[in-house]
Amino acid sequence: MRHTVALSAAATVLLLGTAACSQGDDGGTAAASNGAFPAQVTDKFGTVTVESAPERVVTAGYNDQDFALALGVTPVATRGFTGYEYRTRPWAQDQLAGTDIPEVGSDTLDLEGVAAASPDLIMATYAYLEPSQYEQLGRIATTVGDIPGADGEETPGWRDQLAAYGTALGRTAEADAAREKVEQSFATATSENPSFAGRTAAVALYLDGTFYILEAGDPRNRFFTDLGFVTPETTGTVSPERYDLLNQDTLVLLGVDREDVANDALLQSLPVVRDDRTVYTGTFGTDVPAALGFASPLSLPYAVDALVPPLARATDDDPATVVGTVEG
């Protein structure tokens, strides 16, 4: 849903292959290509041909900038990440190396700003582009638009985005290496925490006093399914009459601290809350919810490190265990 995409930035993975870089004429950093060109990428609008290794890349999706950085490419301009001081995000500081990437809009994409950046490739793999926007971007430069999820979901998973970047930038080997490192991060977490497997977890946003259980395809929810958790059958807005939908094996609340809902008597009455099987990730604008929102090869291992310990405590089936706070 459109509003949950924006929250990927508001609310809404890190290991990258070492990349050889060359400097563009205007200071943009382009990765040395090890791939074959012309290269073809399929987005929701059709098949895109990238004729040669790009030198000036604009990342126009909500989380696209991390995927370029993960493969050693510093965009010449990027779409901003709403509701969070994304320039200081801890998982990307080594890759940014002090670079302040010019911004071309955030909630709304600045098409004139994109054109002014003189890109030879525009990557918008998670942007919810309208056909008219896609056409306008295509008149500026070769554009890879929204990538469909390989699992049939409307939104792409991080693997889908990473594969598209590897192909378009001619860095498939680096993309494969980055994917394997992230997958190993998840594999280690799941092997050390067998209690995650098959356990239903409601991953819910908290906004203006209302809970919203994320759908299976939401990038933030995919983080938990990658750990072995199962998405509830019913998702979406939770009315006060249906708080029972939150009462799953595990409850993860995005955008809220424990203290923020301490006076919500109905929530506090749920067994999943009373038995301390609930993880509070912190308010939007802080690092852990933002890492889930970025859902990138850089941010996901950061989120694993922050969330696996409290998730382990929340799933040990011992009511005496104190889950504690999430520390990013």
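On a predicted model such as this, the values are computed, not experimentally measured, just so you know.
Side-chain atoms of V252 and T281, non-hydrogen and from C-beta on, do get closer than 4.5 Å to each other. Under the 4.5 Å side-chain criterion, counting only non-hydrogen atoms from C-beta, P271 is in contact with R277. Side-chain contact between T59 and Y165: present, with at least one pair of heavy atoms (C-beta onward) separated by less than 4.5 Å. Between P54 and D120 the shortest side-chain heavy-atom distance falls below 4.5 Å. Between L227 and L307 the shortest side-chain heavy-atom distance does not fall below 4.5 Å. Counting heavy atoms from C-beta outward, F45 and P131 have side chains that approach closer than 4.5 Å. By the 4.5 Å heavy-atom criterion applied to side chains, I213 and T234 are not counted as neighbours. Put simply, the side chain of F196 does not reach to within 4.5 Å of the side chain of F224, judged on heavy atoms.
Between Y62 and F81, the shortest heavy-atom contact is O-CD1, 3.3 Å. Summarising the geometry of A164 relative to I147, their closest heavy-atom pair is CB-CD1, 3.9 Å, with the distance given to 0.1 Å. Shortest non-hydrogen contact noted between A295 and N63 is O-ND2, 4.1 Å. Listed here is the closest heavy atom pair of V50 and F37: O-CD2, 3.4 Å. Closest non-hydrogen pair, G282 versus T286, comes out as C-OG1, 4.0 Å. The minimum heavy-atom distance between I101 and V76, with the atom names listed, is CG2-C, 4.2 Å.
A donor-acceptor pair under 3.5 Å is formed between the side chain of R56 and the backbone N or O of S118. Using modelled atom types, one side-chain atom of R222 and one backbone atom of G217 make a donor-acceptor pair closer than 3.5 Å. Side-chain N or O atoms of T99 include one that pairs as donor or acceptor with a backbone N or O of L96 at under 3.5 Å. Put simply, the side chain of D146 gets close to the backbone of A127: a donor and an acceptor are under 3.5 Å apart. Judged by distance alone, the side chain of D176 and the main-chain N or O of A173 form no donor-acceptor pair under 3.5 Å. Distance alone, capped at 3.5 Å, is enough to place a donor-acceptor pair between the Q248 side chain and the L245 backbone. Under a 3.5 Å cut-off, the side chain of K44 and the backbone N or O of Y128 do not form any donor-acceptor pair. Counting only distance, with no hydrogens or angles, the side chain of D64 and the backbone of T125 share a donor-acceptor pair below 3.5 Å. Using a distance-only test at 3.5 Å, with no hydrogens or angles considered, a donor-acceptor pair links the side chain of D160 to the main chain of A150. In this structure a side-chain-to-backbone donor-acceptor pair under 3.5 Å is missing from T47 to T42.
E215 and T235 share no donor-acceptor pair across their side chains, judged by distance under 3.5 Å alone. At a cut-off of 3.5 Å, with distance as the only test, a side-chain donor of T231 or N221 sits close to an acceptor on the other residue. With no hydrogens or angles considered, no side-chain donor-acceptor pair links S132 and E130 at under 3.5 Å.
One hydrophobic cluster, built from ILVMFWY side chains closer than 4.5 Å, cannot hold both V230 and V272; they sit in different ones. Placement of V203 and Y212 within a single hydrophobic cluster is found when ILVMFWY residues are connected by side-chain heavy-atom separations under 4.5 Å, directly or transitively. A continuous path of Ile, Leu, Val, Met, Phe, Trp and Tyr side chains, each step under 4.5 Å between heavy atoms, connects Y280 with F211, placing both in one hydrophobic cluster. Taking hydrophobic clusters as Ile, Leu, Val, Met, Phe, Trp and Tyr residues chained together by side-chain heavy-atom distances below 4.5 Å, V114 shares a cluster with V73. No continuous path of hydrophobic side-chain contacts links L267 to V279 [ILVMFWY only; heavy atoms under 4.5 Å].
Summarising the geometry, atom CG belonging to D275 is positioned 11.0 Å from atom OG1 belonging to T250; distances are rounded to the nearest 0.5 Å. Atoms CG and OG1, on L270 and T278 in that order, are 8.0 Å from each other to the nearest 0.5 Å. Remark: L137 CG to M123 CE distance equals 12.5 Å, nearest 0.5 Å. Between the CG atom of L311 and the OG atom of S195 there is a distance of 9.0 Å, given to the nearest 0.5 Å. Atoms CG and CG, on L71 and D66 in that order, are 11.0 Å from each other to the nearest 0.5 Å. Taken from CG in D249 to CG in L251, the straight-line distance is 11.0 Å, to the nearest 0.5 Å.
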Please evaluate residues Y134 and T143 with respect to the criterion side-chain contact (heavy atoms from CB on, under 4.5 Å), reporting the C-alpha separation (whole Å), side-chain torsions for both, the decisive distance (0.1 Å), and the verdict. CA-CA 8 Å; Y134 183 75; T143 298; 4.0 Å; yes
Decide side-chain contact (heavy atoms from CB on, under 4.5 Å) for D287 and Y84; before the verdict, give the C-alpha distance in whole Å, the side-chain angles of both, and the deciding distance to 0.1 Å. CA-CA 8 Å; D287 290 334; Y84 173 64; 2.5 Å; yes
Could you go through the side-chain contact (heavy atoms from CB on, under 4.5 Å) check for V308 and N193 one step at a time? CA-CA 9 Å; V308 164; N193 296 279; 3.5 Å; yes
Decide yes or no on side-chain contact (heavy atoms from CB on, under 4.5 Å) for V261 and V273, but give the supporting numbers first. CA-CA 11 Å; V261 289; V273 176; over 6 Å; no
Steps toward salt bridge (Lys or Arg N to Asp or Glu O under 4.0 Å) verdict (R159, D226): CA-CA 11 Å; R159 295 173 182 83; D226 275 346; 3.4 Å; yes
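Other residues, nucleotides and ligands contribute only 12 or fewer heavy atoms inside 6.0 Å of the CD atom of E112. Atom CD of Q93 has more than 12 neighbouring heavy atoms from other residues, nucleotides or ligands inside a 6.0 Å radius.
Between F223 and F186, a ring centre-to-centre spacing shorter than 6.0 Å is recorded.
Sequence neighbours left out, the pairs with a member in residues 188-210 that pass salt bridge (Lys or Arg N to Asp or Glu O under 4.0 Å) are R199-D317. Within the structure, side-chain hydrogen bond (donor to acceptor under 3.5 Å, both in side chains) pairs that include any residue of residues 257-272 comprise Y243-D264, R258-D276 (at least two apart or interchain).
When E103, R79, R89 are each tested for a side-chain hydrogen bond (donor to acceptor under 3.5 Å, both in side chains) with Q65, only one passes: R89.
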